[in-house]
Amino acid sequence: MSLLRLLLICFCLSVTAQNTTKNFGEFATAVFLNVNGNKDYYACSGTGIDRISGLNFYIHLGTFKRYSKDLRIAGAEIKSFVKPNANVCLGKLNYRVYKQSNPPKNNIYQTFDLPWESDCNWMGFYQNSPGVCNDRDQKWQSENRNLDLTNFCAGDYTLEVFFELIGSNKSTTQCNESERFYKDENGMPFKMNFTIHEDVYLTAYTPQKIINEGEDVSLFCESKNQADIVKYLWKHKQFKSNEQNPIIKKIKPSQSGIYTVWVNTKCDKWYKKELEIQVIPKPKTVITPSKNTKQNQPIAAKTTETKPKEEVVRTIETSITELEAEQNTIQEKPMVIVPKKEIIKSDIEIKRDSRYSKQIKEFTFRNPNIKIFISDYDIEDGDVLSVFYNNELIAQKIEVKKAGQNIELHLNENADVHELIFVAESFGKISPNTSEIQIIVDEKPIKYRVTTSKTMNAKFVFKKE
């Protein structure tokens, strides 16, 4: 034993907690945890200078959001002793996680290996890592694990562990025996508690700011943990749907009110969000009866005696001059009928005008030359867009792809308003139409993730400085 080791033992009035009834065993253990990005050892066993960490495993670690990855098992460590006629080959950590309200009745654990890390050298130190040690002491360690403990449903949980060494009490070459190490002689494992909190971050909305009677209204429900939701249920006194984003066809004023969307997660928990919709009724047409007609009274039919018209005979004495004057008067005021010009809209113009154009951004500009880059930010599924500038079609049937497509636009500086509208032509395999649009104004590029649908266009407005 080194002099430093002896002095430290005397100073701390501590001895190595070795198992004297076995030829190999442990005298310190710890679990290596990543808690909110901070990695540390939490000691399970060991005393004095042999203790691996000042942090204790028997604590409540705190509350963590589900799927946050803020609590992970990063590894573990065993300090072992071995007598001259024995052998140690490998260390192991056995662990399991369960709800405190439902502890397991079996003895099943998950396991990962703790390979050899260091031997104690002749100076009384581990040759590859810090710490004093005795002759034939060894360190078994793993620090490259990444076991996420935040995937569980909301609740209070227990992390339960025990350690194991594989070796031989009678041979220096064999590895045919296993020694397990618990918190006490009764086989109680080491335990640590933590809590998982689930929050689905629900939002419910409709893109239409003004809803008129007879329009189709799209309802949207979104969550941060979208993959965790298995059921949707929209409810209103005159409407019900189990779709995530349903459409109310030809909405009526009586369908105004609070719409509630319920979502069910994989953990079989229900969450709800409310959305208020106000429908503006169509103006009523009022027919005003004539003053001479009495309301609700039938008009009696009159019998009229028909008399033959008296024949008017014009005298021959009418002069030719009078006839010519009469003809000239008629010719001076000819009747001209101008046919009304019929305005025929294209299919994409009808789509543009029948949908609500949601304003995404308003820009100010000095340079009227604008650059636009359209690409797909999600999965390519066949989305197609058309683009209007001040109601003039400047790009038609653009396929939205990852590679993207450029459009150069010169703004009409004489115009008072500059509106750029993106209209969905096709929604591909997955509705709605999603794209990433980069707009470069005055050499400054800005990216936006834009959604267009059967009821909504995307609009950008430009104003000259």
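We're numbering straight along the sequence, starting at 1. Here the structure is a predicted model, which means the values were calculated and not measured.
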Rounded to the nearest 0.5 Å, what's the gap from [atom1] on [X] to [atom2] on [Y]? Could you check?
X    : Y    : atom1 : atom2 : answer
I372 : L420 : CD1   : CG    : 4.5 Å
I421 : T452 : CD1   : OG1   : 12.5 Å
D148 : L71  : CG    : CG    : 8.0 Å
Y182 : F190 : OH    : CZ    : 10.5 Å
K464 : N367 : NZ    : CG    : 8.5 Å
I370 : E408 : CD1   : CD    : 11.0 Å

Given side chain to side chain donor-acceptor pair (under 3.5 Å), test T195 with D156 step by step and report yes or no. CA-CA 4 Å; T195 300; D156 296 318; 2.7 Å; yes

Measure the acute angle between the ring planes of [X] and [Y], then classify it against the limits of 30° and 60° as parallel, tilted or perpendicular.
X    : Y    : result
W270 : W262 : perpendicular
Y157 : F194 : parallel
F460 : F422 : perpendicular
F162 : Y109 : perpendicular

[X]: what forms a side chain to side chain donor-acceptor pair (under 3.5 Å) with it, not counting sequence neighbours?
X    : value
K358 : none
S435 : none
Y232 : Q226
N176 : Q174

Side chain of [X], backbone of [Y]: donor and acceptor closer than 3.5 Å?
X    : Y    : result
R51  : A28  : no
S375 : K401 : no
N390 : V417 : yes
R352 : N391 : yes
D70  : F64  : no
S118 : Q127 : yes

Sequence neighbours left out, what passes salt bridge (charged side-chain N to carboxylate O under 4.0 Å, His left out) with [X]? Give chain and number order.
X    : value
D353 : K345
E425 : none
R145 : none

Are any non-hydrogen side-chain atoms of [X] and [Y] less than 4.5 angstrom apart?
X    : Y    : value
E77  : L114 : no
I437 : I360 : no
V161 : M192 : no
L219 : V261 : no
C221 : L202 : yes
V387 : L409 : no
R66  : C153 : yes
F239 : P246 : yes

Return the minimal non-hydrogen interatomic distance between [X] and [Y], and the atom names on each side.
X    : Y    : answer
K183 : P189 : CB-O, 3.9 Å
A30  : A43  : CB-CA, 3.9 Å
A86  : R136 : O-NH2, 3.9 Å
D383 : T434 : OD2-N, 3.2 Å
T172 : N87  : O-CG, 3.4 Å
S68  : T150 : N-OG1, 3.5 Å

When you look at V31 and F163, which way does the side chain to side chain contact (heavy atoms under 4.5 Å, CB included) test go after all the steps? CA-CA 10 Å; V31 179; F163 298 84; 4.0 Å; yes

Check: D119/Q138 side-chain N/O donor and acceptor closer than 3.5 Å: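 Yes, side-chain donor-acceptor contact under 3.5 Å.
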
Are side-chain N/O atoms of T111 and N94 paired as donor and acceptor at under 3.5 Å? yes

Passing candidate, side chain to side chain donor-acceptor pair (under 3.5 Å) with Y389, options E419, H410, H418: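 Result for side chain to side chain donor-acceptor pair (under 3.5 Å) with Y389: H418.
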
For K269, is there an ion pair with E198 - N to carboxylate O distance below 4.0 angstrom?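 Between K269 and E198 there is no salt bridge, as every charged N stays at least 4.0 Å from the carboxylate O atoms.
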
How would you list all residue pairs meeting salt bridge (charged side-chain N to carboxylate O under 4.0 Å, His left out) that involve [range], not counting sequence neighbours?
range            : answer
residues 360-370 : E362-K463, R366-E465
residues 204-216 : D216-K249
residues 84-113  : K92-D113, R96-E160

Only one of P207, S357, S354 passes side chain to side chain contact (heavy atoms under 4.5 Å, CB included) with N457; say which it is. S357

Would you find more than 12 non-hydrogen atoms of other residues, nucleotides or ligands less than 6.0 Å from I210 atom CD1? no

Check the surroundings of atom NZ in K65: do more than 12 heavy atoms from other residues, nucleotides or ligands lie under 6.0 Å from it?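 No - once you tally the heavy atoms of other residues, nucleotides and ligands closer than 6.0 Å, there are 12 at most.
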
Contacts satisfying side chain to side chain donor-acceptor pair (under 3.5 Å) that involve residues 30-40 (not counting sequence neighbours) are none

Begin with the C-alpha distance, continue with both residues' side-chain angles, and end with the deciding distance and a verdict on side chain to side chain contact (heavy atoms under 4.5 Å, CB included) for S178 and I166. CA-CA 5 Å; S178 172; I166 309 298; 3.8 Å; yes

Start with the C-alpha gap between I280 and N212, add the side-chain angles, then the distance that decides, and say whether side chain to side chain contact (heavy atoms under 4.5 Å, CB included) holds. CA-CA 5 Å; I280 300 174; N212 296 306; 3.7 Å; yes

Residues pairing under ring pair (Phe, Tyr, Trp, His ring centres under 6.0 Å) where one sits in residues 37-60, two or more places apart or in two chains, turn out to be F32-Y41

